[in-house]
Amino acid sequence: MNKIENFGALVPNLRFPEFQEANGWALSLLETACDMQAGKFVAAAEISAQSGDGLFPCYGGNGLRGYTRTHTHSGRYSLIGRQGSLCGNVTLVNGRFHATEHAVVATPKAGIHTEWLFYELDLLNLNRFATGQALPGLSVEVLKKVECAVPRDEAEQKKIADCLTSLDELITLESKKLDAIKLHKKGLMQHLFPGDGEAVPKLRFPEFWEAGSWEIRAFKKLFSVGYGRDYKHLSTGNVPVYGSGGYMLSVDDYLYDGESVCIGRKGTINNPMLLSGRFWTVDTLFYTHSFSECLPRFIYAIFQRIDWLAHNEAGGIPSLSKANIEKIEVAVPKSIEQQKIADCLSSLDELIALEVQKLDALKCHKKGLIQQLFPQVGEAGA
């Protein structure tokens with residue numbers, strides 16, 4: 001192993017059994033663990049958005065920029081974003097790639113495990129060392145002097161890296177599973193609802209094959225639209241308050257009681273929400289009520305299919321008007337078919353929610369594990 005300056009010794013809270021009696025980690029500087037050098041400039045015109053034959057991934061300050069015909073490196077390296085709002089982000093890349101001048105390539109020195117270095121760099125939260133307001137940036141000289149903790153035995157580095165890599169692989173698999181379910185739902189919705197200008201869907205449950213065409217109706221005939229209101233009283237309770245970004249806080253009063261579909265009125269207008277029970281919505285949201293001939297969950301499915309930005313009425317911050325929403329026309333079947341479609345899509349939504357919870361739990365577990373497997377810099381003895 002290369003010589004690492006020992007400014008003190010650190011011991012992680014969690015250690016694999018075979019290393020329980022090993023020496024503590026060495027407190028050192030990044031320049032003792034890896035060489036760091038910025039990549040090479042490539043013109044934006046030479047970077048393609050799509051991959052293709054003869055093209056290599058091109059990485060800049062915020063990660064993957066696209067693909068180019070030149071490459072600067074071949075192998076497995078950690079890349080540190082050097083410039084931009086996300087500077088300090090760390091990406092592990094493999095194969096032939098082009099690193100631009102806005103990315104720093106970290107080459108591990110002798111005795112430093114490549115994957116372990118990646119997790120160490122990511123844990124260090126390098127963005128905190130950025131300078132500049134308009135365009136934050138990191139210099140290689142600053143990065144070299146960042147303190148880090150290094151196991152003296154490369155075998156311990158490998159053990160940690162293997163553990164975390166297996167977790168990352170599981171997270172990737174779960175992410176792909178979640179994406180597949182979402183894609184399935186999207187495709188199913190395209191077939192369960194008629195296309196533009198049509199009144200019969202391509203896919204229909206058997207009991208409705210002979211049910212005839214859906215009826216074209218304006219939203220104002222299907223439900224009423226209400227305005228949310230700011231909640232100005234400082235109080236607590238069990239009633240959730242929702243804004244364009246979702247849940248905000250809980251209060252002791254309610255604006256509506258029952259199932260409702262909400263849509264952003266200002267700013268975020270393309271993220272419908274299905275709410276039930278008592279709730280309050282702030283003035284950035286519209287909420288639906290007084291459903292006459294349409295089920296709220298069916299309306300929610302319709303809202304998810306609409307390109308709300310196409311109904312934007314403002315040149316700056318996107319916004320919707322009540323009048324504009326009410327005049328939108330959609331094809332609607334009888335309530336019994338609405339129920340069948342809503343139940344089908346709700347079951348998929350429940351599955352998606354479970355997968356999101358599972359993925360979040362895995363990410364949380366990994367975050368906690370990293371905090372235990374790596375000692376905190378600053379805990380070294382004198």
Side-chain angles (χ1 to χ4, degrees), residues 1-12 19 22-41 59-63 71-94 97-132 135-162 164-165 370-371 373-382:
M1 184 174 181
N2 64 297
K3 182 180 178 182
I4 294 179
E5 297 179 54
N6 189 2
F7 301 149
L10 300 124
V11 178
F19 304 107
N23 292 329
W25 294 23
L27 178 63
S28 190
L29 303 176
L30 276 183
E31 65 181 351
T32 66
C34 61
D35 290 317
M36 289 176 283
Q37 185 175 13
K40 296 181 180 179
F41 171 80
Y59 294 91
N62 294 330
H71 67 276
T72 57
H73 295 78
S74 179
R76 198 164 178 82
Y77 296 88
S78 293
L79 303 185
I80 305 169
R82 190 173 71 86
Q83 199 168 50
S85 60
L86 299 179
C87 68
N89 70 87
V90 185
T91 305
L92 184 64
V93 300
N94 187 42
F97 63 90
H98 190 115
T100 74
E101 76 280 14
H102 293 157
V104 175
V105 182
T107 305
K109 292 189 174 181
I112 299 297
H113 190 272
T114 301
E115 280 76 12
W116 176 86
L117 177 63
F118 163 70
Y119 290 111
E120 171 71 2
L121 291 171
D122 194 44
L123 181 67
L124 288 173
N125 185 24
L126 297 173
N127 181 264
R128 61 197 166 108
F129 300 104
T131 58
L135 187 61
L138 287 166
S139 74
V140 171
E141 292 306 311
V142 167
L143 289 172
K144 285 180 178 180
K145 302 305 179 184
V146 173
E147 288 186 336
C148 63
V150 183
R152 290 176 169 83
D153 190 345
E154 189 177 356
E156 186 171 7
Q157 298 176 29
K158 184 178 186 304
K159 189 79 172 182
I160 292 169
D162 288 347
L164 296 176
T165 298
I370 288 178
Q371 290 173 346
L373 287 173
F374 287 76
Q376 295 296 310
V377 173
E379 295 177 350

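This one's a predicted model, so the numbers in the text were calculated from it and none came from an experiment. Along the sequence shown, the residues carry numbers beginning at 1.
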Check: [Y] and [X] side chains under 4.5 Å, non-hydrogen atoms:
X      : Y      : value
Ile112 : Val150 : yes
Thr91  : Tyr59  : yes
Leu30  : Leu124 : yes
Arg152 : Asn23  : yes
Leu79  : Val90  : no
Tyr77  : Phe118 : no
Leu29  : Lys144 : no
Phe19  : Val11  : no

Which heavy-atom pair separates [X] from [Y] by the least distance, and what is that distance?
X      : Y      : value
Pro375 : Ala149 : CG-CB, 3.9 Å
Cys148 : Glu120 : CB-OE2, 3.1 Å
Asn62  : Gln83  : OD1-O, 3.9 Å
Trp25  : Pro12  : NE1-CD, 3.7 Å
Leu126 : Leu138 : O-CD2, 3.5 Å
Glu31  : Lys145 : OE2-NZ, 2.8 Å

Q) Which distance, rounded to the nearest 0.5 Å, do you find between the CD of Glu147 and the CG of Leu10? A)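 If we round to the nearest 0.5 Å, Glu147:CD and Leu10:CG are 9.5 Å apart.
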
**Q.** Interatomic spacing from CD in Gln371 to CG in Leu123 - rounded to 0.5 Å
**A.**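 Taking CD in Gln371 and CG in Leu123, the distance rounds to 7.5 Å.
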
Between the side chains of [Y] and [X], is the shortest nitrogen-to-carboxylate-oxygen separation below 4.0 Å, so that they form an ion pair?
X      : Y      : value
Arg76  : Glu115 : yes
Lys159 : Glu156 : no
Glu101 : Lys40  : no

Q.
Is there a side-chain contact (heavy atoms from CB on, under 4.5 Å) between Leu121 and Ile80? Walk through the geometry before answering.
A. CA-CA 8 Å; Leu121 291 171; Ile80 305 169; 4.2 Å; yes

Q. Can the ring centres of His73 and Phe97 be said to be less than 6.0 Å apart?
A.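 Yes: the rings meet the under 6.0 Å criterion.
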
For the backbone of [Y] and the side chain of [X], can you confirm whether one donor and one acceptor N or O come within less than 3.5 Å of each other?
X      : Y      : result
Thr165 : Ala161 : yes
Ser78  : Leu92  : no
Asn127 : Gly88  : no

Q.
Run His113 and Gln157 through side-chain hydrogen bond (donor to acceptor under 3.5 Å, both in side chains) and show every step you take.
A. CA-CA 6 Å; His113 190 272; Gln157 298 176 29; 5.8 Å; no

Q: List the steps and the verdict of side-chain contact (heavy atoms from CB on, under 4.5 Å) for Leu373 and Tyr119.
A: CA-CA 11 Å; Leu373 287 173; Tyr119 290 111; over 6 Å; no

Q: Under the side-chain contact (heavy atoms from CB on, under 4.5 Å) rule, what do Lys109 and Asp35 come out as? Steps first, then yes or no, please.
A: CA-CA 7 Å; Lys109 292 189 174 181; Asp35 290 317; 3.1 Å; yes

